[in-house]
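Down below is the structure, laid out as structure tokens.
These numbers come from the heavy atoms of this one structure, side chains and all, not from hydrogens, waters or symmetry mates. In each ligand, atom 1 is the first atom listed, and ligand 1 is the first ligand listed.
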Amino acid sequence: MKITNTPLAGCFVLEPQVFGDARGSFMESYNEQKFPAKVHFVQDNQSISQKGVLRGLHFQKGEHAQAKLVRVIRGEVLDVAVDIRPDSETFGQHFSIILNAENNKQLFVPRGFAHGFAVLEDNTIFAYKCDNFYHKEAESGIIYNDPDIAIDWMLDDDEIMLSDKDKLLPNLKMLSL
Ligand SMILES: Cc1cn([C@H]2C[C@H](O)[C@@H](COP(=O)(O)OP(=O)(O)O[C@H]3O[C@H](C)C(=O)[C@H](O)[C@H]3O)O2)c(=O)[nH]c1=O
């Protein structure tokens with residue numbers, strides 16, 4: 001397993017070891033004993049999206065904050081983590097990475113981050129582990145095109161498909177964190 005830190009403290013890229021043979025391949029997609037952060041995941045999620053879908057930027061507030069380990073089982077996304085920890089030196093900065101079924105890369109997004117992804121291929125299956133349960137009342141988020149964060153989502157604006165909820169998200173500076 002290869003671990004690559006990002007410029008955002010606690011957020012890192014994980015590449016599992018892949019064992020190939022004539023049948024195909026095998027990898028441990030998650031192993032608590034080998035995981036380089038002290039975290040206990042309690043919920044697995046999966047979403048399927050067509051190209052152009054953008055989910056995020058989302059986070060859960062306060063005691064319901066979630067750390068996530070995200071990966072792509074089929075297709076490709078641009079995955080983005082935004083540091084919204086009020087005391088962080090990298091507050092408001094983001095890290096983005098291409099995750100796809102070929103590179104087997106995973107991104108660990110700690111608590112205190114907003115998370116989102118842009119779908120770059122049809123029929124993309126996105127799977128992730130959370131270390132805290134879904135709590136609808138604690139949901140919050142940031143609009144995808146916040147000019148202070150300035151994320152290049154690798155999609156043309158006219159092809160981006162947002163949920164009605166995500167269309168109404170505020171800029172980061174409007175949030176009291
Ligand atoms: C997240 C979640 C949602 N739901 C229900 C609520 C809605 O009826 C439906 C779709 O939820 P939503 O539109 O919030 O799904 P996404 O836009 O994919 O949200 C996720 O996308 C971004 C990228 C994330 O990082 C979060 O995990 C999460 O916010 O699933 C549940 O029942 N449990 C859950 O844990």
Side-chain angles (χ1 to χ4, degrees), residues 6 8-14 29-30 35 37 39-85 88 90-101 103 105-146 149-155 157 159-172 174-175 177:
T6 72
L8 310 180
C11 180
F12 57 81
V13 180
L14 185 150
S29 50
Y30 176 69
F35 198 72
V39 61
H40 176 65
F41 293 112
V42 296
Q43 180 176 321
D44 278 8
N45 293 338
Q46 176 175 299
S47 60
I48 300 178
S49 309
Q50 299 307 318
K51 183 181 180 197
V53 165
L54 195 158
R55 296 177 185 257
L57 295 155
H58 300 158
F59 63 96
Q60 291 193 167
K61 294 178 286 192
E63 63 178 330
H64 300 290
Q66 296 170 307
K68 297 164 190 164
L69 179 62
V70 306
R71 70 188 182 109
V72 165
I73 293 176
R74 183 177 68 202
E76 184 170 81
V77 307
L78 179 81
D79 201 73
V80 179
V82 182
D83 188 352
I84 57 172
R85 298 169 295 191
S88 172
T90 53
F91 176 83
Q93 294 184 30
H94 72 279
F95 174 79
S96 56
I97 183 172
I98 295 281
L99 305 178
N100 60 41
N103 67 24
K105 289 182 179 180
Q106 303 180 19
L107 185 66
F108 179 68
V109 182
R111 293 186 180 193
F113 279 66
H115 173 252
F117 61 90
V119 180
L120 305 179
E121 282 183 17
D122 282 338
N123 301 314
T124 286
I125 301 176
F126 188 83
Y128 54 110
K129 309 178 87 66
C130 304
D131 78 335
N132 214 351
F133 294 109
Y134 173 61
H135 198 89
K136 187 173 184 56
E137 296 70 27
E139 281 196 303
S140 185
I142 302 162
I143 193 72
Y144 75 102
N145 59 359
D146 184 328
I149 304 174
I151 298 167
D152 176 0
W153 290 101
M154 297 177 66
L155 290 172
D157 223 45
E159 71 178 319
I160 290 176
M161 184 193 301
L162 299 170
S163 66
D164 290 341
K165 176 183 73 170
D166 289 353
K167 289 173 184 169
L168 301 175
L169 292 173
N171 286 328
L172 174 56
M174 304 300 287
L175 293 173
L177 294 170

Problem set entry | Validation row, ring centre F95 to ring centre F108 under 6.0 Å | no
For this session: Return the minimal non-hydrogen interatomic distance between D131 and V42, and the atom names on each side.
Result: C-CG2, 3.7 Å
For this session: Please determine if D166 and R55 form a salt bridge, counting it only when a charged side-chain N lies under 4.0 Å from a carboxylate O.
Result: no
For this session: Give me the ring orientation class for F126 and F117: parallel if the planes are under 30° apart, tilted from 30 to 60°, perpendicular past 60°.
Result: parallel
Check ligand 1 against the protein and report each N/O to N/O distance under 3.5 Å, formatted as atom name, atom name, distance.
residue	atom	partner	partner atom	Å
ligand 1	14 (O)	K165	NZ	2.7
ligand 1	18 (O)	R55	NH1	2.8
ligand 1	19 (O)	H58	ND1	3.3
ligand 1	21 (O)	H58	ND1	3.3
ligand 1	25 (O)	K68	NZ	2.9
ligand 1	25 (O)	H115	ND1	2.8
ligand 1	27 (O)	Y128	OH	2.7
ligand 1	29 (O)	H58	ND1	2.6
ligand 1	35 (O)	Q43	NE2	3.0

Exercise. Less than 4.5 Å apart, any side-chain heavy atom of F59 and any of L175?
Worked result: yes
Exercise. Hey, is D122 close enough to K51 for a salt bridge, meaning N to O under 4.0 Å?
Worked result: no
